[in-house]
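Working notes, beginning with the structure itself.
Both ligands and their constituent atoms are indexed starting at 1 by order of listing. Computed from a predicted model, the values in this text were never measured in an experiment.
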Amino acid sequence: MSEGTDLQKKLFNNKKNGWEELNNEKRQEIFDYCNSYMDFLNNGKTEREIVKESRRIAEANGFTDIKNMEYLKPGDKVYYVNREKSMYLAVIGYDSIENGINVIGSHADSPRLDLKPNPLYEDDGFAFFKTQYYGGIKKYQWTTIPLAIHGVIVKRNGEKIEINIGEDQNDPIFVITDLLPHLAQEQMQRKLSEGIKGEELNLLIGSIPYNDKDVSEKVKLNILNILNKKYGITEVDFLSSELEIVPAFRARSMGFDNSMVAAYGQDDKICVYTSLTALMNIQNPKTTAVCIISDKEEIGSMGNTGMESHVFDTFVSELLNKLGINRPNLLDKVFCNSKMLSADVDAGLDPTFAYVAEKNNASYLGRGIAISKYTGGRGKSGSSDANAEFVAYIRNMLESNNIAYQIAELGKVDLGGGGTIAYILANKGMDVIDCGVPVLSMHAPYEVTSKYDVYSAFLAYKAFFRM
Ligand code: MN
Ligand code: MN
């Protein structure tokens, strides 16, 4: 080896593909973990389903609803479910909670189509549902793929009907149609953003007319009759429903080498799963370990299940109350002493679209968990931008545990941008940094990740809770 190569090894920030130098045992560990991850994705496509599944996993690991605990002591494991859509979990540390907590926050909602409040109509012999999209989607991607309907219909008397149709092999699926190329000359001149317009996202749900020549809207009537027999609902019950249209695809291993996961909703169920399983591995930590599974991140974190709400503050106050140490302003002090990983996906470099990335500061699939010191757009606007001191703390944690990581930003300067829940907790006084798994085709009906990075995120979150 020449003197130069030696020096290079010593001085350069050498980035390498994590699959290299990985023994078979380690590779199998990664594949096994990702099989469970894919099961998790198949068991939950909506925030309600993810919360339900996470609660089941937590209870199986000794967690209790905090409402059922009068007092708390170090080692206790509790959770709080907020309106079936967001959730907080904690393992109480033996160090005083006054010195801060270690938080990992992810979100369970993913881009999708929601039904409009008055969704059902008939047109030229077909019945359709009108939709409104949720989060940032490329609308054309949602046509001509199998779609499922998940959610709840709540009747006036409070009775709740759970809907999940399109996932079972024997279920029907639903499709949003697109124009045949032969007649699409005019449509093809539209900008890509309007290739399919919002009001063209109409879900095709039926075509058989009700057998009575005296009625109008026979197809709509036939659909309502089917729904009434199956769920006991009438058209007015749609007004108080939350029905989400999601891809009917299952999560699958991808590539001849099975190195990747293709699935709907990996943003950000990937960080829900990796942080949740990390927490399940924690016994008697020094610092109280907390997982946040938030909702509504994709539409700005507003609402009483979004991170902007004060429900999380109430949860931490409850920890203080039940530890018997609460006093005025203690909550603020706890937050100011706390550390947080805002666990959310990052844009992985896609060689086909490499022009949006600045190669030195992009995240690459297979190089480990991606850390973003800042997010935002147009000059870091709206980003909480982590302190160098905290970045050093996280770097040290990752390097001393031999966990592969990369520090990246979201695309080239002034090309776009994005945000997460990081700033919300940073505003409370916590040290916060964004980190998560690089994704290809983010927000598309089928997103791609590297199994190596999924496992790196799990290891990183576990290490963080042990600090
Ligand atoms: Mn996200
Ligand atoms: Mn997103």
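Only protein N, O or S atoms were considered, and those under 2.8 Å from the Mn ion (ligand 2) are Asp267 OD2, Glu298 OE1, Glu298 OE2, His443 NE2.
Of the listed residues (Glu162, Glu242, Glu244), just one forms a side-chain hydrogen bond (donor to acceptor under 3.5 Å, both in side chains) with Arg48, and that residue is Glu242.
Residues Pro247 and Trp142 have side chains in contact (heavy-atom distance under 4.5 Å, counting atoms from C-beta outward).
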Report task. Any chance you could lay out the ring pair (Phe, Tyr, Trp, His ring centres under 6.0 Å) test for Tyr455 and Phe458, step after step, and finish with the verdict? Result -> CA-CA 5 Å; Tyr455 198 65; Phe458 167 66; 5.7 Å; yes
Return all side-chain donor-acceptor pairs below 3.5 angstrom for residues 435-449, not counting sequence neighbours, or 'none' if the list is empty.
residue : atom : partner : partner atom : Å
His443  : ND1  : Gly136  : O            : 2.7
His443  : NE2  : Asp267  : OD2          : 2.9
His443  : NE2  : Glu298  : OE1          : 3.1
His443  : NE2  : Glu298  : OE2          : 3.3
Tyr446  : OH   : Arg250  : O            : 2.7
Glu447  : OE1  : Gln266  : N            : 2.7
Glu447  : OE1  : Asp267  : N            : 2.9
Glu447  : OE2  : His443  : N            : 2.6
Thr449  : OG1  : Gln266  : OE1          : 2.8

Pairs of donor and acceptor atoms involving the side chains of residues 362-372, under 3.5 Å and at least two apart or interchain, shall be tabulated with distances.
residue : atom : partner : partner atom : Å
Ser363  : OG   : Asp346  : OD2          : 3.0
Ser363  : OG   : Ala347  : O            : 3.1
Tyr364  : OH   : Lys359  : O            : 2.8

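For residues 419-432, the side-chain hydrogen bond (donor to acceptor under 3.5 Å, both in side chains) pairs, not counting sequence neighbours, are Glu308-Tyr423, Asp313-Lys428, Ser342-Thr420, Asn387-Asp431, Thr420-Asp434.
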